[in-house]
Amino acid sequence: MAIALRPATPADLGLLRHWDQQPHVVAAAPNDDWAWEIELGRNPEWRELLIAELDGRPIGFIQIIDPAREDSHYWGKDVADDLRAIDIWIGEADDLGRGLGTRMMELAIERCFSAPEVAAILIDPLLSNTRAHRFYQRLGFRPIGARRFGEDDCLVHRLSREDWAQTHGLSP
Ligand SMILES: CC(C)(COP(=O)(O)OP(=O)(O)OC[C@H]1O[C@@H](n2cnc3c(N)ncnc32)[C@H](O)[C@@H]1OP(=O)(O)O)[C@@H](O)C(=O)NCCC(=O)NCCS
């Protein structure tokens, strides 16, 4: 299964808007407005917007941010400066539950930890999204506490470099 991540570009606008309307994507983030027409046109150094492709076919989206430098301070102004935070979804319902998300996350995690200064990765699934909790926990993320972001009650999960190295046989 050849999955690769590439930067999202303004040419992905229609695709991302289409995915945004899929019920499983809405259910995971009902209050999010990604303002794609603006965001696809800018490239701040604290963020990567990525499209996952399976044998060249776009299948999903990943955002990686440095939460300490992200400009809305979504994670709070006192967040540590050695972290990354990830958002992920599969675009089409037919592609759910086939192992694609797991491979996408592995690639995203490896991308984050390839920067030696990154100590851990954060994820903020809705408290109600228990299937996503299971997905992240299988990858080694640990729940660290409930937290409200705007109107969303979330269960924050964290994956340390050490935990990832231990489960994947890498040196920390
Ligand atoms: C979460 C997600 C990226 C996982 O990718 P995937 O390719 O479906 O997952 P895999 O096939 O690798 O692994 C299967 C696991 O994914 C999770 N999963 C599958 N469908 C899901 C869905 N609609 N919503 C949430 N999690 C789901 C479950 O944990 C599932 O294991 P289970 O069958 O034991 O419940 C994908 O399901 C998705 O995009 N879900 C909707 C959006 C979402 O919840 N994103 C996360 C927000 S924080």
Asks: Would V26 and W19 show up in the same hydrophobic cluster when neighbours are defined by side-chain heavy atoms closer than 4.5 Å?
Replies: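 Different hydrophobic clusters.
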
Asks: Which heavy atom of E106 sits nearest to which heavy atom of R103, and what is that distance?
Replies: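 E106 and R103 have their closest heavy atoms at OE1-NH1, 2.9 Å.
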
Asks: Please report the interatomic distance OG1(T102) to CE(M105), rounded to the nearest 0.5 Å.
Replies: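 Answer for the OG1-CE pair, T102 versus M105, is 9.0 Å.
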
Asks: Is I51 linked to L96 within one hydrophobic cluster, defined over Ile, Leu, Val, Met, Phe, Trp and Tyr using a side-chain heavy-atom separation of less than 4.5 Å?
Replies: no

Asks: Show me the pairs that pass side chain to side chain donor-acceptor pair (under 3.5 Å) and involve residues 50-64, at least two apart or across chains.
Replies: R6-E53, R57-D95, Q63-D87

Asks: Please work out whether the ring planes of W36 and F61 are parallel, tilted or perpendicular, with thresholds of 30° and 60°.
Replies: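 Because their plane-to-plane angle is over 60°, the rings of W36 and F61 count as perpendicular.
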
Asks: Where do G101 and I90 come nearest, in terms of heavy atoms and distance?
Replies: N-CD1, 3.7 Å

Asks: Taking the side chain as everything from C-beta on, heavy atoms only, tell me whether C154 gets closer than 4.5 Å to R148.
Replies: no

Asks: Kindly compute the distance separating SG (C112) from CZ (R161), expressed to the nearest 0.5 Å.
Replies: 10.0 Å

Asks: Rounded to the nearest 0.5 Å, how far does CG of D152 lie from CG of N31?
Replies: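 So the gap between those two atoms works out to 4.5 Å.
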
Asks: Please report the C-alpha distance between L16 and W34 in whole Å, then the side-chain angles of each, then the deciding distance to 0.1 Å, and finally whether the side-chain contact (heavy atoms from CB on, under 4.5 Å) criterion is met.
Replies: CA-CA 9 Å; L16 287 162; W34 284 77; over 6 Å; no

Asks: With sequence neighbours excluded, tell me which residues meet side chain to side chain donor-acceptor pair (under 3.5 Å) with E48.
Replies: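 Partners of E48 by the side chain to side chain donor-acceptor pair (under 3.5 Å) criterion, ordered by chain and then number, come out as R111.
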
Asks: Scan residues 15-35 for pairs that pass salt bridge (Lys or Arg N to Asp or Glu O under 4.0 Å), counting only residues two or more places apart or in two chains.
Replies: R17-E37

Asks: Please answer: with hydrophobic residues joined when any side-chain heavy atoms are less than 4.5 Å apart, are W46 and L122 in the same cluster?
Replies: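 Same cluster: W46 reaches L122 through Ile, Leu, Val, Met, Phe, Trp or Tyr contacts under 4.5 Å.
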
Asks: Could you go through I64 and L49, starting from their C-alpha distance and side-chain angles, then the distance that decides it, and tell me whether this counts as side-chain contact (heavy atoms from CB on, under 4.5 Å)?
Replies: CA-CA 7 Å; I64 301 175; L49 302 179; over 6 Å; no

Asks: Aromatic rings W164 and F113: how do their planes relate, parallel, tilted or perpendicular, breaks at 30° and 60°?
Replies: tilted

Asks: I need the minimum non-hydrogen distance between P143 and H157, along with the two atoms involved.
Replies: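 Scanning both residues, the minimum pair turns out to be N-CD2, 3.6 Å.
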
Asks: Does R147, at its CZ atom, have more than 12 non-hydrogen atoms belonging to other residues, nucleotides or ligands within less than 6.0 Å?
Replies: yes

Asks: When hydrophobic residues are tied together by side-chain contacts of less than 4.5 Å, even through go-betweens, does M104 share a cluster with L50?
Replies: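 The answer is yes; both residues are in one hydrophobic cluster.
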
Asks: Could you measure the distance from the CD1 atom of I62 to the CD1 atom of I88? Nearest 0.5 Å is fine.
Replies: 4.5 Å

Asks: For the residue pair P23 and V25, establish whether any side-chain heavy-atom pair is separated by less than 4.5 Å.
Replies: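 No, side chains not in contact.
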
Asks: Under 4.0 Å between a Lys/Arg side-chain N and an Asp/Glu carboxylate O for D66 and R47?
Replies: no

Asks: Linking I/L/V/M/F/W/Y whenever any side-chain heavy atoms sit under 4.5 Å apart, do I65 and I144 land together?
Replies: yes

Asks: What's the shortest heavy-atom distance between S160 and A120, and which atoms?
Replies: CA-CB, 4.0 Å

Asks: For E151, which residues count as a salt bridge (Lys or Arg N to Asp or Glu O under 4.0 Å) partner, sequence neighbours excluded?
Replies: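 Residues passing salt bridge (Lys or Arg N to Asp or Glu O under 4.0 Å) with E151: none at all.
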
Asks: Among all residues two or more places apart in sequence or in another chain, which pass the side chain to side chain donor-acceptor pair (under 3.5 Å) test with S72?
Replies: E70

Asks: Can you tell if the side chain of P30 reaches within under 4.5 Å of the side chain of L126, non-hydrogen atoms only?
Replies: yes

Asks: Search all heavy atoms of L127 against all heavy atoms of A146 and return the closest pair with its distance.
Replies: CD1-CB, 4.3 Å

Asks: May I have all residue pairs that pass side chain to side chain donor-acceptor pair (under 3.5 Å) and include part of residues 112-121, sequence neighbours excluded?
Replies: none

Asks: Would you say that L54 contacts L100 through its side chain, given a criterion of any heavy-atom pair below 4.5 Å between the two side chains?
Replies: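 Yes, side chains in contact.
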
Asks: About how many Å separate CG of N129 and CG of D124, when rounded to the nearest 0.5 Å?
Replies: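 Interatomic distance, D124 CG to N129 CG, rounded to 0.5 Å: 10.5 Å.
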
Asks: Any side-chain heavy-atom pair from T9 and L40 closer than 4.5 angstrom?
Replies: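 Sidechains of L40 and T9: no contact.
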
Asks: What are the two closest non-hydrogen atoms of P67 and A85, and how far apart are they?
Replies: CD-N, 3.9 Å

Asks: Can you tell if the side chain of R158 reaches within under 4.5 Å of the side chain of I121, non-hydrogen atoms only?
Replies: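 When only atoms from C-beta onward are counted, I121 and R158 do not touch, as no gap falls below 4.5 Å.
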
Asks: Nearest 0.5 Å, what's the CD1-CG distance between I86 and L159?
Replies: 8.5 Å

Asks: Please confirm whether the backbone N or O of D78 pairs with a side-chain atom of H73, one donor and one acceptor, at under 3.5 Å?
Replies: no

Asks: Would you say F141 and F135 make side-chain contact, with heavy atoms under 4.5 Å?
Replies: no

Asks: Side chains of L155 and Y136, heavy atoms from C-beta outward: is any pair under 4.5 Å?
Replies: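 Contact flag for L155/Y136 side chains = no.
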
